[in-house]
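As structure tokens, the structure follows; a few thoughts come after it.
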Number of protein chains: 2
Amino acid sequence: MSSRSSAESAREIPEATIARLPVYLRALTGLTESGIATCSSEELATAAGVNSAKLRKDLSYLGSYGTRGVGYDVEYLTYQIAREIGVTQDWPVVIVGIGNLGHALANYSGFRSRGFRVVALLDADLERAGQEVAGIAVRPFDELEQIVADNAVAIGVIATPAAAAQSVADRMVASGITSILNFAPSVLTVPAGVDVRKVDLSIELQILAYHEQRKAAVDPGSVPQGAVGSSAAALSPEGVS
Amino acid sequence: MSSRSSAESAREIPEATIARLPVYLRALTGLTESGIATCSSEELATAAGVNSAKLRKDLSYLGSYGTRGVGYDVEYLTYQIAREIGVTQDWPVVIVGIGNLGHALANYSGFRSRGFRVVALLDADLERAGQEVAGIAVRPFDELEQIVADNAVAIGVIATPAAAAQSVADRMVASGITSILNFAPSVLTVPAGVDVRKVDLSIELQILAYHEQRKAAVDPGSVPQGAVGSSAAALSPEGVS
DNA sequence: TAGATTGTTAATCGATTAACAATC
DNA sequence: TAGATTGTTAATCGATTAACAATC
């Protein structure tokens, strides 16, 4: 799936580690805001919600940025991780599909402070295009190629209905985008070299439901087991907005 | 983290498999909509975006629901997976925090068809409470305990700002909720027996940025490398809505 | 020097994959 | 019977973890 370049740098960072680096970065930001200048692997691990052995192992792939007997300098480690991830500079991003979710994404103020800059909002619906969301004009989807070229956009966000997602992805790839964050509930097919990550609300809920069901089974009566709906309703065809 | 009951049923399904069952379910729904009644592991795997060996291995944990030489009956397999996950019945869910994201979640029509029913929208802001979103009245957060009790709610969704998330989680847990889906960018501390899953927009984007940066490094010039922002901007304190 | 904590080793655990016997 | 495809085995790969030597 993800790019797996082989002989590039001395270190080859495992995927599982890469996925945790942003979590460490956020935990470090929290420490900075609390006025903490130095921390041990134990403290940082707690803030990030992992165990300290895993944290130290993860950081060891980046280099030796701590001091034995002392810990880590919060500011220095923050910079090193940000540099490793690649968010010491802002990445321009386009969001396609300005429905409810697109609105929420456009208004999400966390992007800017974490290395991203929304350069355009696009929607195929010409009614929506022309409006303004979060201070950014919504533009017709057809302007995608121009916008990607003008702003050197490498990352695209898809917040369209499932039916439109693949064709939006195709246009994104053709226009030069090589990383896609997909919120539409559909599997995207993209060429090698293009990375896709997927966020799916109901899949996350279903994973919780699985465990919830098991809790109820182990300890019947202790956990409320929801009102009884019909299985027909639960299994009916999708009506994704 | 997640519940790990030991001697419960004959099978002990791996976490990685559980996380993929909802993906298979969605792929099967797609096949049903296309009028396909039977499929091979190869076809279903393609629709789900995994390889067929992994799919068959995953399904083998549930039982033997296929026919050698033939494949799987789509409707039968759909039911078996839905039953395993626990979504043949509807799970009542509450959403706390009706900002932009809460709005989007409340309006997400996919919940209903996938085993969930939003029974209440809650917000601490009394201005918001009293409004109506997606046909559901927004109620004061203080009514949480009553609503959870009345509707036997086991699953809660947090869409509040980061600063409020932990206290909302505490109240949820105290009220009897044992599964939480957290959209706020903060690490939640909960008692054993409570499951938390986290969805984080900027973490997903940062993972993409990491790989994007590597692509640019391997093949300079071929991939646009975004406008140059200041590292100060990228690392400034959070401004999460 | 004594205490603390990192960075690394090595063992363990879990997940993935290819191959194929079972069987429709 | 011949062809197709599942379910399972076993090998491989990657991730986690505890323990501790290195070193501040």
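Numbers restart at 1 for each chain; the letters A, B, ... are given by sequence-line order, proteins then strands.
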Quickly work out the A:D58 CG to C:dT8 C1' distance and round it to whole Å. 14 Å

For A:F111, all residues meeting ring pair (Phe, Tyr, Trp, His ring centres under 6.0 Å), sequence neighbours excluded: A:Y108

Whole-Å distance separating the NZ atom of B:K57 from the C1' atom of D:dG7: 9 Å

Could you give the CG-to-C1' distance, from B:L55 to C:dT16, as a whole number of Å? 13 Å

Sequence neighbours excluded, the answer for ring pair (Phe, Tyr, Trp, His ring centres under 6.0 Å) partners of A:Y24 is none

State, with a plain yes or no, whether a side-chain heavy atom of B:I155 is found less than 4.5 Å away from one of B:L181. no

Residue set satisfying salt bridge (charged side-chain N to carboxylate O under 4.0 Å, His left out) with A:E204, at least two apart, ordered chain then number -> B:R197

OP1 or OP2 of C:dT5 sitting under 4.0 Å from any side-chain N/O of A:S40? no

Map every base of DNA chain D to its dot-bracket character, where paired means a Watson-Crick or G-U wobble contact with both distances under 3.5 Å and | marks a partner outside the strand. ..||||||||||||||||||||||

Rounded distance (Å) that lies between atom P of D:dA4 and atom CD of B:E43: 14 Å

Between C:dG7 atom C1' and A:E42 atom CD, what is the distance in whole Å? 15 Å

In numerical order, the residues of residues 67-77 of chain A whose heavy atoms come under 4.0 Å of DNA chain D are A:T67, A:R68, A:G69

Measure from NZ on B:K54 to P on D:dT9 and round the result to the nearest Å. 20 Å

Contacts of A:R171 meeting salt bridge (charged side-chain N to carboxylate O under 4.0 Å, His left out) (sequence neighbours excluded), chain-then-number -> A:D142, A:E145

Rounded to whole Å, OH of B:Y65 lies from P of D:dG7 at a distance of 10 Å

Could you give the CG-to-P distance, from B:N51 to C:dA18, as a whole number of Å? 6 Å

Using heavy atoms to find the nearest nucleotide of DNA chain D for B:S41 and A:R56 separately, return the residue whose nucleotide is more 5′. B:S41

Atom pair CG/OH of B:L21 and B:Y61 - distance to nearest 0.5 Å: 11.5 Å

Under 4.0 Å, counting only non-hydrogen atoms across every strand here, what does A:A16 touch: a base, just sugar-phosphate, or nothing? sugar-phosphate

If you look at every heavy atom in A:A45 and A:N51, which pair is closest and at what distance? CB-C, 3.8 Å

Between the side chain of A:Q206 and the main-chain N/O of B:R114, is any donor-acceptor distance below 3.5 Å? yes

Taking only the side-chain nitrogens and oxygens of B:R20, find out if one of them lies under 4.0 Å from OP1 or OP2 of C:dT16. yes

Hey, could you give me the CD/CG distance between A:E33 and A:L28, rounded to the nearest 0.5 Å? 11.5 Å

